[in-house]
Every structure is written in structure tokens, then in C-alpha cells.
Amino acid sequence: MTRAKSDPDGNLAQVRHVVLVLSGKGGVGKSTITTELALALSHAGKKVGILDVDLCGPSIPRMLSVGRSDVHQCDSGWVPVYTDAQKRLAIMSIGFLLEDPDEAVVWRGPKKTALIGQFVSDVAWGELDVLLIDTPPGTSDEHLAVLENLKKHRVDGAVLVTTPQAVSTGDVRREITFCKKTGVHILGIIENMSGFVCPHCSECSNIFSKGGGEELAKLTGSVFLGSVPLDPLLSSSIEEGKDFTQAFPDSATFSAISSISKTLLNSLRTP
Amino acid sequence: MADVPDNAPEHCPGTASEQAGKSASCQGCPNQVLCASGATKAPDPAIAEIGEKMSTVKHKILVLSGKGGVGKSTFSAHLAHALASDSTKEVALLDVDICGPSIPRIMGLEGEQVHQSGSGWSPVYVDDNLAVMSIGFLLSSPDDAVIWRGPKKNGMIKQFLRDVDWGDLDYLIVDTPPGTSDEHLSIVQYLSSTHVDGAVIITTPQELSLQDVRKEIRFCQKVKLPIIGVVENMSGFVCPKCKNTSQIFPPTTGGAEKMCADLDLPLLGKVPLDPRIARSCDEGKSFLNEVPDSPAAEVYQRIVQRIQDYCSNRVREEQSAT
Ligand SMILES: Nc1ncnc2c1ncn2[C@@H]1O[C@H](COP(=O)(O)OP(=O)(O)OP(=O)(O)O)[C@@H](O)[C@H]1O
Ligand SMILES: Nc1ncnc2c1ncn2[C@@H]1O[C@H](COP(=O)(O)OP(=O)(O)OP(=O)(O)O)[C@@H](O)[C@H]1O
Ligand code: SF4
Ligand SMILES: [Mg+2]
Ligand SMILES: [Mg+2]
């Protein structure tokens, strides 16, 4: 790559804020929350990028209906894919670099570390207000690789996603230690999948319990950013790659997402 | 020699890896000459030792899914409970999720510690015939994070198989982390000199999950791990008030049923969403004992029966083959 050596930030030079989306637990909605926050921020007029570093299960392309055929290379690296004509939302997924997207990526850690290391600095983002990084579950090779390669640049912090039940908050509690040990500031905790309102009778069932995210925030002295309900309209929008924030602006789920994105944006403004 | 010696630098690729002795991190490592010579890449003697150790384990079942949070640990735990409800059977549950161990909580063993015995580590017992092992038992507090790179995780898994005093077992169930990564490669590799009955694949109904699970199935085929069948979990929710069913995780591409038909795999059953399952897990109790007459418990029992049948058929086939 022909990046100017004098510029240590390289492709991230014009990226104002970098936010990691993390969770020690799998399937809590990291990719969903990343997608919805990105949509909400871009509709609020921000320029947003999503970097998906989940090698074994990259979900972002499907959630935003973009394909790898849309990716190109230029002098300064990979050109991200834009989801809109105004180029307000840019996506780059590590899944795009794989030869056969249906093949299992059965790589040991060191190989992943090498690819992610390269990938993180090789995307030509241009000017962005916020770059969101969607990560795989756990605290392992991928996470360490991302952090190591972003060290040169400033990382604003991490948003931790959990579901309400103890099985999940227990893992996220360990993730908080990961953040502390690696010097990543915790921007806040989001509780996802909290409470399901039956579309037939409006009865609310706490399928995965309730309140665990807020409790965890209290326990660990972190900011609680809010909770997002378990909403079949959200899961089906995500399945079909449709923009939930545009399709259901009157829903309780939408107002939860937009309030979280506002709080997040404010916390980025006041460092 | 361990995969990552204590004196190796942080980025050691593992002494048995292709890159051993040659990667950038090997520069200046005291073991570089030895690693570069290829001597450390010889088949790990632990594989034979594990083979020996596992010869007293009749059935080995792996629980897998490419996707996170679909209920692997919940299923592993309930499979173990159900198998151990027959007091003549010895059952063990091994958690190889090194970074996110859930099994101690789900089995009601939070805060338990592993003990060293003459013949190795002794597992923690839920019942006389139900033993559990997890890295969670080696951590000193609920805040402890295991921030390990692949090679170090592999070393731990090796120890779990070789150095735990499992005794004679009818079933060893292995709960795995999401994805196809070091842990999965290691468990398959370390068990390669023993017979693994097969894998149970867990998925949820939506395509986002199936797209990862299909990859996991390819992984199984690649490493020649037989697939016992697929369980669709979180399959629909019946409102306790109005009894209407909602597809919270919609099967937009036909769910596990269509995938199984396409790939010619048995669908073992569909477990509905039930808040009492999540609560039982949080409380460390068996849902099968808590609410035995619920539709979800019935589905679990039927799935367990099919897995038992699969295992005993395999024994019969083997006997008739010899
Ligand atoms: N609030 C919600 N309401 C309904 N469905 C949701 C919600 N949040 C997430 N989901 C659904 O749950 C599933 C898991 O979410 P997602 O893939 O975002 O989790 P993840 O944490 O990224 O998983 P992984 O650990 O595998 O990367 C998806 O199918 C998603 O559509
Ligand atoms: N059928 C179900 N109904 C309600 N809750 C369930 C059901 N199955 C699993 N759960 C709950 O969903 C959460 C995720 O399940 P579990 O931890 O078993 O998933 P996993 O696949 O092991 O996750 P990971 O990928 O993080 O290891 C748990 O809190 C569990 O109690
Ligand atoms: S030489 Fe390389 S592979 Fe060998 S122990 Fe050192 S770092 Fe690890
Ligand atoms: Mg994800
Ligand atoms: Mg698990």
C-alpha cells in the first residue's frame, strides 16, 4: 500500500471517533446493535463507518444488504461499500476478503491476528464522524489484534452489549475486566432483548429475564445507555437487510435505539 | 513440550504450528532453533495419551454451532442432566469455552474450585454420576477475564482431556464456544485417536444464524466428524396469556427444517422459547426437573432419546462389523 509514511494514522486520519462494540457473550445482538446505531447516526446526519472483524461469522453484510462484489481496491487500500447515495454509511467486512464466503474459516489465532492487523489499517474510510467496530464474541485473538492495530489511533471506547439474564451478564462482567486490562474506556452498557410485548395481546414477557444490564452497570460503575426490547419486527428487518429505523419510526424499539444513539453521540462530544 | 512454552513471547504461534520458529515473534525467542528445526512439529504425544485416557469413555458427543448465543451451553447442560437421570450411567460435561465459560453457572456450580488429586485434576460433581469441568473452576473471581490467544487456549483444552481424572464414563459431552476456531480444531485434533460418536449442531430459526451454522457443518465434514443431528432452539414463543405463537426469530429461509432437508441431515427437534429455560439456567437448576411437563421439556426428552439411540446403534454397528 502506498500510504504516506509520515502520517501515523494513515487511513484513520480523518476518522473522528472510533467505538468498539463488544460482548463476552455470543448472540446478544452486537451486530444488530452496531447496525441500528449506525443507521440512526447516519440518519442524524453523521458520516458513519462499520468495520466488521468477525471472521467466523460476519453478519454485517447481510444485515445491510451489501455484497462482496461491491468492494474495490484503490491506492490507499480497500474502498468500503456505501449503503446510500449520499455516502453517509460505509461498510467494510472482513468477510469480503474471504475467497469462498460459504466455506468455514478454520484458522488458528496467529493467522487471524495477521489478517485483522492488516485489515484494520487498510480501509480507505475517508472522512467519518464515527467508526463502529463489530467484533466476534469473546476476549481473544481478534480483539487483541484490533486493539493492537488501533493503538496508534485514538479509540474513544467500547459499548458493551448484554442480554438481561445472568448467564450473559456474567460473561460481560469478565469483558469489563478485559477493557480495564487493555486500557479501553467503557462508554456504556446496552441491555438488548429485554422484554417481549406480545403483538396479539400486548402482554409483556421477560423471556430472557429483565434488568440485568442496568444492574451490571451499577455494579461496575459504568454508564447504562438503555435497553432495547426483543422485537420480532427488528429481527425480521435485520433478516431481510431492511432499514428498521426508517420502517418503524413509531415503535418503542426505535425510540430506544435513537435515544441510545443520542446519548452515545453526546458522550463522544464530551471526552 | 507445551504449545506455548512459558518463556515464549506473547505472539508465539505455537510450537506445533506451521510458523513455529519462523514467525516474526520467534525472533529472539530462546526456543527458536529447536522450533525451526521442525522437531516440535512432530505429532503431539498428548494425542496418544488422550487416546489412552479416553479408552474408558464409551460415548463422546460434541455440541457445536457456528453462531453465538443459540443455546449450545443450555443444551449441553440439559443433555447431561437428562442422561444422568439414569443413575446407572456415568456422565461428564466438559466446557471448552475458555473465554466465555457458562457451564459453571448453568450447572449451579458458580464459585466451585477444581481440586488436585493424585491422578490429576478432579472434576466438580453435581451428583455422584454427573461430573463437570470448566475453566470457570480455575478462576478466582467473577471478574476474572481469560485474555488468551489461541495457542494458550489449546494448551488448556489438552490439559482438560489428558489431566482430568474422568474415570470410567458412559458419556462425555463437550460444550464448545461459538465459531470455528482454535478450540474446535484442538478438540477435534486431540480426540483424533479416539472415537467421537458425533456432533449435535444447535441453531436458531433465522437465516443469520443458519448462514454461520452451514459453515460449521462444512467444518464437521472437513474434519470427518459425524453429525448426529440438528436442534432448532428458540423456535417460536407461545404467549402465556393469549396462547398465540410469535416467531421472534423468524425462519425466513425455512429454518432448520429446510436446511436439514437440503443437506440431508436429521432434525432432532425444535425447542420453543420459554422464559423458564432462561430462568433455570440463571439459577443453575435443571429445567427438566423444574417444569417436567412443559412442551419444551418434552421436546428435550425426545431429542435426548434420539441421541441415545444413535449412540447405541453405533455400538451395535461396530460390533456387527467385527
Ligand atoms: N432486540 C432484538 N429483538 C429481536 N431480535 C433481535 C434483537 N437483537 C438481536 N436480535 C436477533 O438475534 C440474533 C442475534 O443477534 P446478532 O447476530 O446481532 O448477535 P451477535 O452478538 O452479533 O452474535 P455473534 O456473537 O454470533 O456475533 C439475530 O438474528 C438478530 O436479528
Ligand atoms: N429455548 C430457550 N428459551 C429461553 N431461553 C433460552 C432457550 N435456550 C437458551 N436460552 C437462554 O439463552 C441464553 C443463551 O444460551 P446459551 O448460553 O446456552 O447459548 P450459547 O450458544 O452457549 O452461547 P455462547 O455462544 O455465548 O456460548 C441463555 O441465557 C439461555 O438460558
Ligand atoms: S520460537 Fe517461535 S514458535 Fe517456538 S516457542 Fe519461540 S515464539 Fe513460539
Ligand atoms: Mg455478530
Ligand atoms: Mg455457551
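Order of the sequence lines sets the chain letters (A, B, ...), proteins ahead of strands, with each chain counted from 1. Because the structure is a prediction, the values reported are computed rather than measured.
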Quiz item: Quick one: does A:Arg174's side chain have a donor or acceptor within less than 3.5 Å of a partner on B:Asp143's backbone?
Solution: no
Quiz item: To the nearest 0.5 Å, what is the distance between CG (B:Leu208) and CE (A:Met63)?
Solution: 4.5 Å
Quiz item: Quick one: of A:Ala166, A:Gly26, A:Cys56, who has the most non-hydrogen atom pairs under 4.5 Å with chain B?
Solution: A:Ala166
Quiz prompt | Atom pair NZ (A:Lys112) and CZ (B:Arg149), whose distance is rounded to the nearest 0.5 Å | solution = 12.0 Å
Quiz item: Does any heavy atom of chain B fall under 4.5 Å from the side chain of A:Val28, the backbone, both, or neither of them?
Solution: neither
Quiz prompt | When B:Arg276, B:Gln247, B:Lys222 are compared by non-hydrogen pairs under 4.5 Å with chain A, the top option | solution = B:Lys222
Exercise. Against chain B, work out which of A:Glu240, A:Glu239, A:Lys111 has the most heavy-atom pairs shorter than 4.5 Å and name it.
Key: A:Glu239
Practice problem: Please determine, among B:Cys12, B:Pro142, B:Ser17, B:Cys239, the option with the most heavy-atom pairs under 4.5 Å with chain A. | Solution: B:Pro142
Exercise. Using non-hydrogen atoms and a 4.5 Å limit, figure out which bit of B:Ile106 sits close to chain A: side chain, backbone, both or neither.
Key: side chain
Quiz prompt | Closest-packed option against chain B by number of heavy-atom pairs under 4.5 Å, given A:Ser59, A:Ser31, A:Gly138 | solution = A:Ser59
Quiz item: Among A:Leu144, A:Thr220, A:Asp141, A:Asp231, which has the most heavy-atom pairs under 4.5 Å with chain B?
Solution: A:Asp141
Self-check item: Distance (rounded to the nearest 0.5 Å) between A:Arg62 CZ and B:Gln211 CD
Solution: 5.5 Å
Practice problem: Check each atom of B:His11 against the heavy atoms of chain A and say whether the ones under 4.5 Å are side chain, backbone, both or neither. | Solution: side chain
Exercise. Sort B:Val223 into side chain, backbone, both or neither according to what part of it lies under 4.5 angstrom from a heavy atom of chain A.
Key: neither
Quiz item: For B:Lys153, is it the side chain, the backbone, both, or neither that has a heavy atom closer than 4.5 Å to a heavy atom of chain A?
Solution: side chain
Self-check item: Heavy-atom pairs under 4.5 Å with chain A, option from B:Pro178, B:Ser73, B:Gly66, B:Ser181 with the top count
Solution: B:Ser181
Exercise. Residue by residue, scan residues 176-190 of chain A and write down, ordered by number, those that have a heavy-atom distance under 4.5 Å to chain B; if none do, write 'none'.
Key: A:Thr177, A:Phe178, A:Lys181
Practice problem: Tell me, please, which residues at least two apart from B:Ser280 pass side-chain hydrogen bond (donor to acceptor under 3.5 Å, both in side chains). | Solution: none
Quiz item: In terms of heavy-atom proximity below 4.5 Å to chain B, should A:Thr169 be classed as side chain, backbone, both, or neither?
Solution: neither
Self-check item: Structural part of A:Ser236 lying under 4.5 Å from a heavy atom of chain B
Solution: both
Quiz prompt | salt bridge (charged side-chain N to carboxylate O under 4.0 Å, His left out) contacts in which one or both residues fall within residues 196-212 of chain A, not counting sequence neighbours | solution = A:Glu203-B:Lys241
Quiz item: Checking A:Pro58 against chain B: side chain, backbone, both or neither under 4.5 Å from a heavy atom?
Solution: both
Exercise. Kindly indicate whether the side chain of B:Leu273, heavy atoms from C-beta on, has any atom under 4.5 Å from the side chain of A:Phe208.
Key: yes
Quiz item: Which bit of B:Ser65 comes within less than 4.5 Å of chain A, counting heavy atoms only: side chain, backbone, both or neither?
Solution: neither
Quiz item: Looking at A:Asp171 and B:Pro101, what are the two nearest heavy atoms and their distance?
Solution: OD1-O, 3.8 Å
Quiz item: Does anything in residues 248-258 of chain B get under 4.5 Å of chain A by heavy atoms, and if so which residues?
Solution: B:Ile248, B:Phe249, B:Pro250, B:Thr252
Quiz prompt | Whether over 12 other heavy atoms sit under 6.0 Å from B:Glu18 CD | solution = no
Self-check item: Heavy-atom pair count under 4.5 Å with chain A, highest-scoring of B:Pro177, B:Pro275, B:Ala24
Solution: B:Pro275
Quiz item: Is there a side-chain contact between A:Gln165 and B:Arg105, using heavy atoms and a 4.5 Å cut-off?
Solution: no
Quiz prompt | Leading residue by heavy atom contact count with chain A [cutoff under 4.5 Å; candidates B:Asp97, B:Leu185, B:Leu139] | solution = B:Leu185
